[in-house]
Trainee: 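First the structure, then my questions, so here it is.
Every heavy atom of this structure was used, including side-chain atoms; hydrogens, water molecules and symmetry mates were not. Chain naming here is simple, since letters A, B, ... match the order of the sequence lines and numbering starts at 1 in each.
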Amino acid sequence: MDAQCAWDRLTRRISCLSSANGADSFGQGKNTVRMSHLFGRTLRAAPNDVEIVSHQLMLRAGMIQPLGSGLISLLPLGWRVVNKVEQIVREEMNAIGGQELLMPVVHPADIWRESGRYEQVGPEMARFKDRADRDMVLALTHEEVVTDLARQQISSYRQLPMIVYHLQTKFRDEPRSRGGLIRVREFTMKDSYSFDLDEDGLDHAYRLHWRAYDRIFRRIGLRFIIVGADVGMMGGTASHEFMAFSENGEDTILYCDQCGYAANREVATFQRDEPVHEDALSLEEIETPNTPTIQALADLLGIPTSKTAKAVFFMGSSGRFVFAVIRGDLDVNETALRNATGERTLTPATADEIKAIGAEPGYGSPVGVRDAVIVVDESVRDTPNLVAGANKPGYHFKNVNLGRDYEADIVADIATAEEGFPCVDCGHPLQVTRAIEVGNIFKLGTRYSEKLGADYLDAEGQAHPIIMGSYGIGPARSSAAVVEQRHDDKGIIWPLSIAPYHVSLIEIPSPHDDRSREIAERLYRELEEVGVEVLYDDRDERPGVKFNDADLIGIPLRVAISARNLANDQVELKLRTAKDAIFAPVDQAVAEIVRMLAEIAENEAHEFGLDVETDEPRY
RNA sequence: CGGGGAGUAGCGCAGCCCGGUUAGCGCGCAGCGUUCGGGACGCUGAGGUCGGAGGUUCAAAUCCUCUCUCCCCGACCA
């Protein structure tokens, strides 16, 4: 073993013995594989009931295999993709000073009791007892454990700031998993945590993550948008989500292409109408048969829906009845309502519950109800003389006015933003799109450090809770999002950066002529030597089968060796994205392949915007 | 949890309504032969507790009851 080889082994680059260790008899090279021995077969058709494109294609390409609902095995091809995403994540996390570690998946319940989430979190957390009858849980996330680590490891302001991260399994018993890798119950997440002295430090760590995430998602070829988001069960003061555009996404995003405003629909706001100035008219009960809906009411009276008030009823998790009132042309945003009331969850009230507070389904208004938290949207505050229910079937009140006819417990912005509504920042009409959440960043503050007692001592010897942030990425989900965005009718179109292999080497067999096989074998070894990742289709299949599989799997560069081209001493090279192939002399094939790969990488860097500065975080 | 759909060979499906030979078809798989640049062809063959349990019946993939699982929509969800 020469010095270079020894150094390579030390730096874990390669095993210097690989060609002699018999791996090839299993079809596996250093960074290559023979399709004849590839674990995972391609399917001509996906199961009928699989509907999401990424799910179909990854199934057909032999990248994944389902085990149960929301439980999916990654086969070698799929795992290589996800692993590459994870490596990119590692690189970018290390680049912002993140230190990788690993925390357990199984946690003692006590640590979750300390944060208060053992009781707070519902059935999505898997709970069990160990043999000593101790309560245990499977990790939904790792704030508790990392905070426990911090209280042991961090004691002085001199140690801060710090960022740690890991790639670890999470289990969330989702009420409903769906869509292949997009929504599963068990998955690996990269989660990182920042520890800082103060808000400024947290802000810095937050911005670092913002930029790192921006780079990560660009590098894997995603088209995405960064949006303001709800802090949800995490608690904390700010949150953004990285959303990959996809019709199959589960989130709805509103954005402004004029000024760049973007937000998850849950928290999106818009420019509210100017208050209407009008003298309050006297309250009047009118008969309005068969008008349980706002539309029916407006039609009957010949008025716009914006002159009506809509009542929406919920039961809060605290047991309070939440009575939301909004102008008839708008809809209540449940997340906003939840945040306004401080309720953890809201569920639609039943007819009995509605009647119990003195209201009437279909004809409800806050006038005369009792034992309810009245939440009034700004639109209702700012619009006098609305038509609202009379709390008896078939009757409404005209000229209902806040403050005169009823009082509000809370006045807030609880309206849902819709496509076309004026942007809150610039007034331009908002656009709407569906998206997949591939990453999120949270400013946690002291939510966990206070509960668990993770303090540091400042220069004066005073103890302060550590200021924390929490940041997640789902590598497998991100891979599926890439497939959603990059495919055609033939299959997946991976970017080179995360393709399972760089090159699909196809040998086209000829009867009575072993030359194509010989050349292909030689090229295979030479490419392996220079470090090109090759998926070598050495199967005894017809050309069409091989071409179709290569397209389906989505390898960026296809190299075909056939008697036909060898007659001219040529091999055929074709980009997955190109319509036509080009040809190169056999003896220059390796050099040409390497050159083309470099060119693909360069084009991708340009296409993905890696050669331009990342936008400044704006929030 | 609510609504809908589906479990029959590795994959895709038919058969079930109207019970009755040895449960079929295509793809895939194994062997042989012919083919050989965009999912070839012939012959031979292997492969199935018809998701599970119970019931009705002389007889159940098929009818009844219960149950499990998966998929889709909704509720839910960092």
Side-chain angles (χ1 to χ4, degrees), chain A residues 40-52 55-56 59-60 62 65-72 117 120-125 140-143 170 172-180 182-185 187 189 191 229-236 238-243 248 250-251 264 266-267 314 317 334-335 338 344-348 437-444 447 470-474 477 489-491 506-513 516-517 537 539-552 558 560-567 571-572 574 581:
Chain A
R41 65 168 103 213
T42 56
L43 302 175
R44 201 167 285 199
N48 218 341
D49 48 16
V50 171
E51 292 186 358
I52 294 182
H55 192 188
Q56 288 174 349
L59 227 31
R60 284 187 53 209
Q65 183 173 310
L67 175 64
S69 186
L71 305 171
I72 296 182
R117 284 158 116 194
Q120 195 186 112
V121 176
E124 62 267 31
M125 182 153 73
L140 295 149
T141 173
H142 285 80
E143 278 78 18
K170 307 275 188 280
R172 296 177 187 178
D173 196 355
E174 302 282 354
R176 184 184 155 209
S177 54
R178 66 190 115 181
I182 289 175
R183 187 176 183 76
V184 288
R185 294 193 295 171
F187 58 100
M189 178 185 273
D191 38 327
D230 184 45
V231 292
M233 82 180 211
M234 299 294 305
S239 164
H240 286 83
E241 292 168 336
F242 288 70
M243 310 294 293
N248 290 321
E250 300 185 284
D251 289 276
N264 195 310
E266 291 182 340
V267 298
F314 295 96
S317 44
E334 272 194 51
T335 304
R338 213 170 56 219
R344 200 154 48 75
T345 61
L346 294 171
T347 38
E437 181 189 349
V438 287
N440 57 46
I441 54 180
F442 284 94
K443 288 190 178 180
L444 290 178
R447 157 95 171 75
S470 149
Y471 317 86
I473 285 182
R477 180 189 274 190
D489 55 342
K490 295 251 175 213
I506 293 180
E507 185 247 334
I508 294 170
S510 313
H512 323 300
D513 181 4
S516 60
R517 158 80 41 172
D537 199 340
R539 297 174 301 173
D540 183 20
E541 287 289 353
R542 297 179 62 85
V545 173
K546 297 191 176 192
F547 289 143
N548 281 319
D549 275 349
D551 287 345
L552 174 60
R558 189 183 81 191
I561 315 294
S562 68
R564 199 171 80 184
N565 294 325
L566 288 177
V571 299
E572 176 193 295
K574 182 184 166 299

Trainee: Considering every strand shown, what is the Watson-Crick or G-U wobble mate of B/A23 when both distances are under 3.5 Å?
Mentor: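 With both distances under 3.5 Å required, B/A23 matches none.
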Trainee: Pick base, sugar-phosphate or nothing for A/Arg185, based on heavy-atom distances below 4.0 Å to the nucleic acid.
Mentor: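 No contact.
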Trainee: Using atom CZ of A/Arg183 as one end and atom P of B/C77 as the other, report the distance to the nearest whole Å.
Mentor: 10 Å
Trainee: Check nucleotides 41-43 of chain B against the protein and report each pair of N or O atoms closer than 3.5 Å, with its distance, or say if there are none.
Mentor:
none

Trainee: Produce the list of close N/O pairs, under 3.5 Å, pairing protein atoms with atoms of nucleotides 33-35 of chain B; give distances to one decimal.
Mentor:
unit_1	atom_1	unit_2	atom_2	d
B/U35	O2	A/Arg542	NH1	2.8

Trainee: Please report, rounded to the nearest Å, how far the C1' atom of B/G10 is from the CZ atom of A/Arg60.
Mentor: 16 Å
Trainee: Could you list, one pair per line, each protein nitrogen or oxygen that sits under 3.5 Å from a nitrogen or oxygen of nucleotides 11-13 of chain B, together with the distance?
Mentor:
unit_1	atom_1	unit_2	atom_2	d
B/C13	OP1	A/Asn48	ND2	2.3

Trainee: List the residues meeting side-chain contact (heavy atoms from CB on, under 4.5 Å) with A/Thr42, not counting sequence neighbours, and say none if there are none.
Mentor: A/Asp549, A/Leu552, A/Ile553
Trainee: Could you tell me how far apart A/Arg539 (CZ) and B/A30 (P) are, to the nearest whole angstrom?
Mentor: 12 Å
Trainee: Who are the side-chain contact (heavy atoms from CB on, under 4.5 Å) partners of A/Asp551, not counting sequence neighbours?
Mentor: A/Lys490, A/Arg558, A/Arg576
Trainee: Counting Watson-Crick and G-U wobble pairs only, both distances under 3.5 Å, name the nucleotide matched with B/C76, or none.
Mentor: none
Trainee: Taking only residues two or more places apart in sequence or in another chain, which ones pass side-chain hydrogen bond (donor to acceptor under 3.5 Å, both in side chains) with A/Lys170?
Mentor: A/His142, A/Asp191
Trainee: In whole Å, what is the span from the CD1 atom of A/Ile52 to the C1' atom of B/C72?
Mentor: 10 Å
Trainee: Going by the rule side-chain contact (heavy atoms from CB on, under 4.5 Å), which residues pair with A/Glu174 if we only count those two or more places apart in sequence or in a different chain?
Mentor: A/Arg172, A/Arg183, A/Arg185
Trainee: With a cut-off of less than 4.0 Å, is there a side-chain N or O of A/Ser69 near OP1 or OP2 of B/C71?
Mentor: yes
Trainee: I need the CG-P distance between A/Asn264 and B/C77, as an integer number of Å.
Mentor: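 Atom-to-atom, A/Asn264 to B/C77, this comes out as 13 Å.
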Trainee: Of all residues at least two apart in sequence or in a different chain, which pass the side-chain hydrogen bond (donor to acceptor under 3.5 Å, both in side chains) check with A/Ser69?
Mentor: A/Ser177
Trainee: Within this structure, what is the CD-to-P distance between A/Gln120 and B/C76, rounded to whole angstrom?
Mentor: 17 Å
Trainee: Whole angstroms only, please: what is the CG-P distance between A/Asn548 and B/C36?
Mentor: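 Rounded to the whole Å, the gap is 19 Å.
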Trainee: Not counting sequence neighbours, which residues clear ring pair (Phe, Tyr, Trp, His ring centres under 6.0 Å) with A/Tyr471? List them please.
Mentor: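 For A/Tyr471, the residues satisfying ring pair (Phe, Tyr, Trp, His ring centres under 6.0 Å) (neighbours in sequence not counted) are A/His209.
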Trainee: Without decimals, in angstroms, what is the distance between A/Glu437 CD and B/C76 P?
Mentor: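 Result: 16 Å.
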Trainee: Under a 3.5 Å cut-off for both distances, is B/C29 Watson-Crick or wobble paired, and to whom?
Mentor: B/G45
Trainee: By side-chain contact (heavy atoms from CB on, under 4.5 Å), which residues pair with A/Arg517, not counting sequence neighbours?
Mentor: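 Applying side-chain contact (heavy atoms from CB on, under 4.5 Å) to A/Arg517 gives A/Glu507, A/Glu521, A/Tyr536, A/Asp538.
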